[in-house]
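Position 1 is the first residue of the sequence; numbering continues from there.
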Amino acid sequence: MLILALFLAGPWAGLWIVKGTLTSSMTLDILPLTDPFLLLQTIVTGHWPELTGLIGVALVVGFYAVFGGRLYCSWVCPMNVVTDSANWLHRKLDLKKGWQPKKHTRYWVLAMTLLVAAGSGSLAYELVNPVTLLHRGLVFGMGFAWAAVLMVFLFDTFVSRHGWCGHLCPMGAVYGLLNTRSLLRVSAKNRDACDDCMDCFEVCPEIHVISPALRGKGDDTPLIVNRDCTSCGRCIDVCDLDVFSFTHRFDTQLIQPTSIEPGPRDPVTTKAMGGHK
């Protein structure tokens, strides 16, 4: 919300801190930022971006490569609000998980968007990219953007839980690639305290990333190192036994178990967090 407010401060209040959109912007008329997915599409069309665009991409890639590519998905992307709302409604209606595409589907979608850009010589996908349409619509006024946003909302609600962000979005695929060796990580360093309540699995948008760290034995790393992890911190928030925490990729220490067994879970807290006995 704060990042979105920086973009809206100009057209809404005349305070031009950031000009442009998430695809390409200029902060305080000094700092250029360019989306790497947009750059890839531009290059395959046969057009080479200007130096400002290349500097903007280098800054974005450098930041997310260090701190975590999919931070963009959970903390920056405006579609996250839409898909979170769809997930809330999905659970409120007590719907089944639905169709779940393969986890590599987003990379096939990424390849397809680049092939279309190369074949058409244009940024064809940007005409229907819900992330671009939503952000541009919020800044400059909504038009066709509503249709794209509504389609994603309905898809995540009635067809596939966490389907768009978790399996299809090509922008998420690009930022996932930047997540491979990032510094910021979530760690299940207190995994010996886990009582198998499954709360973390309930709230995680990428549930397959948790098990290797949480169910590991002995010297198995407690770090969630899968590049699909969005570092959203939901597992940290929901776990009342403090199993998870933010750390860096070189911190592989486990909290040593004590002889004192954890007490019974507070049923009020458990119910409030949507947990299970």
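Listed by first then second residue, pairs satisfying salt bridge (charged side-chain N to carboxylate O under 4.0 Å, His left out) with a partner in residues 17-26 read Lys19-Asp29, not counting sequence neighbours.
The cluster map of Ile, Leu, Val, Met, Phe, Trp and Tyr, joined by side-chain heavy atoms under 4.5 Å apart, puts Trp108 and Val159 in different clusters. Connection of Leu254 to Phe244 is not established within any shared hydrophobic cluster, with ILVMFWY side chains joined at heavy-atom distances below 4.5 Å, either directly or through further cluster members. Residues Val76 and Val18 share a single hydrophobic cluster, defined by chaining ILVMFWY side chains whose heavy atoms lie under 4.5 Å apart. Hydrophobic clustering, with ILVMFWY side chains joined whenever heavy atoms are under 4.5 angstrom apart, groups Ile236 together with Ile207. Leu6 and Trp12 fall within the same hydrophobic cluster, defined by Ile, Leu, Val, Met, Phe, Trp and Tyr side-chain heavy atoms under 4.5 Å apart, directly or through other members.
Under the 4.5 Å side-chain criterion, counting only non-hydrogen atoms from C-beta, Val131 is not in contact with Phe37. Between Leu154 and Leu150 the shortest side-chain heavy-atom distance falls below 4.5 Å. Here the side chains of Cys204 and Arg234 are not in contact, with every heavy-atom distance at 4.5 Å or above. In this structure, the side chains of Phe67 and Ser231 stay at 4.5 Å or more apart for every pair of heavy atoms. Counting heavy atoms from C-beta outward, Trp146 and Leu133 have side chains that stay 4.5 Å or more apart. Contact of the Thr45 side chain with the Ser120 side chain is not registered, since no non-hydrogen atoms from C-beta on lie closer than 4.5 Å. Contact annotation: the side chain of Val116 never approaches that of Tyr125 to less than 4.5 Å [non-hydrogen atoms, C-beta and beyond]. In this structure the side chain of Pro205 reaches within 4.5 angstrom of the side chain of Cys232, judged on heavy atoms.
The distance from atom OG1 of Thr34 to atom CG of Leu22, rounded to the nearest 0.5 Å, is 11.5 Å. Expressed to the nearest 0.5 Å, how far OG1 of Thr113 lies from CD of Gln41 amounts to 5.5 Å. Atoms SG and CG, from Cys239 and Asn190 in turn, are 8.0 Å apart once rounded to the nearest 0.5 Å. Here the CZ atom belonging to Phe153 is positioned 15.5 Å from the CH2 atom belonging to Trp164, to the nearest 0.5 angstrom. Note that OG1 of Thr83 is 8.0 Å distant from CG of Asn87, once rounded to the nearest 0.5 Å. Expressed to the nearest 0.5 Å, how far OG1 of Thr42 lies from CH2 of Trp48 amounts to 10.5 Å.
For His47, the NE2 atom sits in a loose shell: 12 or fewer heavy atoms of surrounding residues, nucleotides or ligands are nearer than 6.0 Å. Within 6.0 Å of the CG atom in Leu2, the count of heavy atoms belonging to other residues, nucleotides or ligands does not exceed 12. Within 6.0 Å of the CZ atom in Arg215, the count of heavy atoms belonging to other residues, nucleotides or ligands exceeds 12.
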Practice item. Just do the side-chain contact (heavy atoms from CB on, under 4.5 Å) check on Phe7 and Ile3 with the steps written out, would you? Key: CA-CA 7 Å; Phe7 284 92; Ile3 292 173; 4.0 Å; yes

Point to revise | CA sep, side-chain torsions, deciding dist, call: Leu110, Val174, side-chain contact (heavy atoms from CB on, under 4.5 Å) | key: CA-CA 8 Å; Leu110 171 61; Val174 173; 3.7 Å; yes

Check your understanding: Given the rule in the side-chain contact (heavy atoms from CB on, under 4.5 Å) test, do Met171 and Tyr72 qualify, once you have shown the distances and angles that lead to the verdict?
Key -> CA-CA 9 Å; Met171 289 185 72; Tyr72 177 91; 3.4 Å; yes

Exercise for review: Take Val186 and Cys235, measure what side-chain contact (heavy atoms from CB on, under 4.5 Å) needs, and give me the verdict at the end.
Suggested key: CA-CA 9 Å; Val186 175; Cys235 55; 3.8 Å; yes

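Listed for the His248 side chain is a donor-acceptor partner under 3.5 Å among the backbone atoms of Asp251. For the pair Ser211 (side chain) and His208 (backbone), a donor-acceptor distance under 3.5 Å is absent. When atom types are taken as modelled, the side chain of Arg249 and the backbone of Arg185 share no donor-acceptor pair closer than 3.5 angstrom. Side chain of Trp99 to main chain of Gly163: no donor-acceptor pair is present (N/O by atom type, distance under 3.5 Å, no hydrogens or angles).
Applying the side chain to side chain contact (heavy atoms under 4.5 Å, CB included) test between Val57 and each of Leu54, Val60, Val61 identifies Val61 as the sole match. Applying the side chain to side chain contact (heavy atoms under 4.5 Å, CB included) test between Asp35 and each of Leu38, Leu39, Leu33 identifies Leu38 as the sole match. In summary, of the residues considered (His167, His162, Arg70), a side chain to side chain donor-acceptor pair (under 3.5 Å) with Glu206 occurs for Arg70 alone.
With respect to Arg191 and Asp220, no salt bridge is recorded, no charged nitrogen being found less than 4.0 Å from a carboxylate O.
Residues Leu178 and Pro36 come closest through the heavy atom pair CD1-CG, 4.5 Å. Nearest heavy atom pair, residue Gly176 against residue Arg227, reads O-CB, 3.4 Å.
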